[in-house]
Amino acid sequence: MSGRARLWPLIHRERSVLADDLSGLTEEQWATPSLCEGLTVREVLAHLTSSATLNGFQWLAGVVRCRFDFDAQVAMRLAEQLGDSGAETLARFRSVVESTTSPPLPGPALLGEVIVHGEDIRGPLGMAGDRPIDVLTRVAAYYQGSDQVVVAGSRVRGLRLRAVDGPFASGTGPLVSGRTLALVMAMTGRPAYLGELTGDGVEILRERVAG
């Protein structure tokens with residue numbers, strides 16, 4: 001079984017839990033700004049739906065259509081999945097929970113996407129909480145060594161990362177310590193989680209996130 005095939009059950013589980021968490025939101029809640037700058041929680045969920053409906057050919061066709069403006073491609077695909085209400089956005093997401101369709105990305109990036117964007121949504125809604133530590137450890141290990149899809153690895157280069165709630169540890173240099181989830185979110189540029197971290201490397205990471 002390929003590495004991606006082994007990750008699909010984890011991805012499907014995280015999508016399912018997120019869908020359940022968001023059932024019953026009001027339209028006002030759907031309009032809440034997410035931790036993904038410039039997007040509401042509803043728009044972030046539509047983005048996750050889009051990711052689960054595009055194969056490599058469709059993704060590339062969209063990139064060409066948008067003249068290789070990747071941000072424009074994301075905005076275009078997001079709009080296609082938004083629907084007319086929060087309930088419709090959620091219904092569309094539920095329809096792709098078990099999807100194994102994806103853009104040409106590594107499996108860990110797909111798992112990381114649903115974890116990070118899930119917290120982009122949950123945090124502002126007051127639903128933030130830890131995900132399974134085995135999943136978070138996989139995602140943290142991927143991001144600390146990669147800038148693919150989202151800048152992460154270069155943000156923590158030269159820093160020593162240590163989780164206080166699981167086995168994740170990486171790197172050498174000034175220490176950044178905290179919950180695995182907080183490390184993942186800070187690595188991927190979410191300043192809201194920096195306050196949870198401790199160590200003499202936190203200010204370095206803060207400057208990199210801000211920059």
Just wondering, do [Y] and [X] contact through their side chains at under 4.5 Å, heavy atoms?
X    : Y    : answer
E98  : S16  : no
L35  : Y193 : yes
R131 : I115 : yes
L22  : M127 : yes

State, to 0.1 Å, how close [X] and [Y] come at their nearest heavy-atom pair, and which atoms those are.
X    : Y    : result
P167 : T137 : CD-OG1, 3.8 Å
L136 : V184 : O-CG2, 4.1 Å
A152 : T188 : CB-CG2, 4.4 Å
G38  : E43  : O-OE1, 3.9 Å
L7   : G107 : CD1-C, 3.4 Å
L197 : A186 : CD1-CB, 3.8 Å

* Structure fact -> Exactly one of R13, H12, R6 clears side chain to side chain contact (heavy atoms under 4.5 Å, CB included) with L10, and that residue is R13

* Could you give me the CA-CA distance, side-chain angles and deciding distance for L48 and L18, then say whether side chain to side chain contact (heavy atoms under 4.5 Å, CB included) is met? => CA-CA 11 Å; L48 286 174; L18 179 60; 3.8 Å; yes

Between [X] and [Y] (side chain of the first, backbone of the second, donor and acceptor by atom type, cut-off under 3.5 Å), is there such a pair?
X    : Y    : answer
R155 : M187 : yes
R162 : L175 : no
Q29  : T26  : yes
T53  : S50  : yes
R122 : D21  : no
E27  : G86  : yes
T49  : L45  : yes
R42  : L82  : yes
D200 : P174 : no
Q144 : A141 : yes

Examine [X] and [Y] and state if one hydrophobic cluster contains both, with Ile, Leu, Val, Met, Phe, Trp and Tyr joined whenever side-chain heavy atoms are less than 4.5 Å apart.
X    : Y    : result
W30  : L125 : yes
V156 : V209 : yes
V139 : V149 : yes
Y143 : V151 : no
L25  : V97  : no

Can you tell me how far [atom2] of [Y] sits from [atom1] of [X], rounded to the nearest 0.5 angstrom?
X    : Y    : atom1 : atom2 : result
R208 : L159 : CZ    : CG    : 4.5 Å
T172 : R157 : OG1   : CZ    : 12.0 Å
L183 : S177 : CG    : OG    : 7.0 Å
T40  : I121 : OG1   : CD1   : 9.0 Å
I11  : E14  : CD1   : CD    : 9.5 Å
C36  : H47  : SG    : NE2   : 7.0 Å

* **E37, CD atom: more than 12 neighbouring heavy atoms under 6.0 Å** => no

* Do T89 and Q81 pass the side chain to side chain contact (heavy atoms under 4.5 Å, CB included) test, and can you show the C-alpha distance, the side-chain angles, and the key distance before you say yes or no? -> CA-CA 7 Å; T89 306; Q81 299 298 337; over 6 Å; no

* Show your working on side chain to side chain contact (heavy atoms under 4.5 Å, CB included) between E196 and L181 and close with a plain yes or no. => CA-CA 10 Å; E196 293 189 35; L181 178 60; over 6 Å; no

* Given side chain to side chain donor-acceptor pair (under 3.5 Å), test D120 with S34 step by step and report yes or no. => CA-CA 5 Å; D120 285 339; S34 76; 5.6 Å; no

* Asked: Where do L110 and W8 land on the side chain to side chain contact (heavy atoms under 4.5 Å, CB included) test, with the steps shown first?
  -> CA-CA 9 Å; L110 297 172; W8 279 124; 3.9 Å; yes

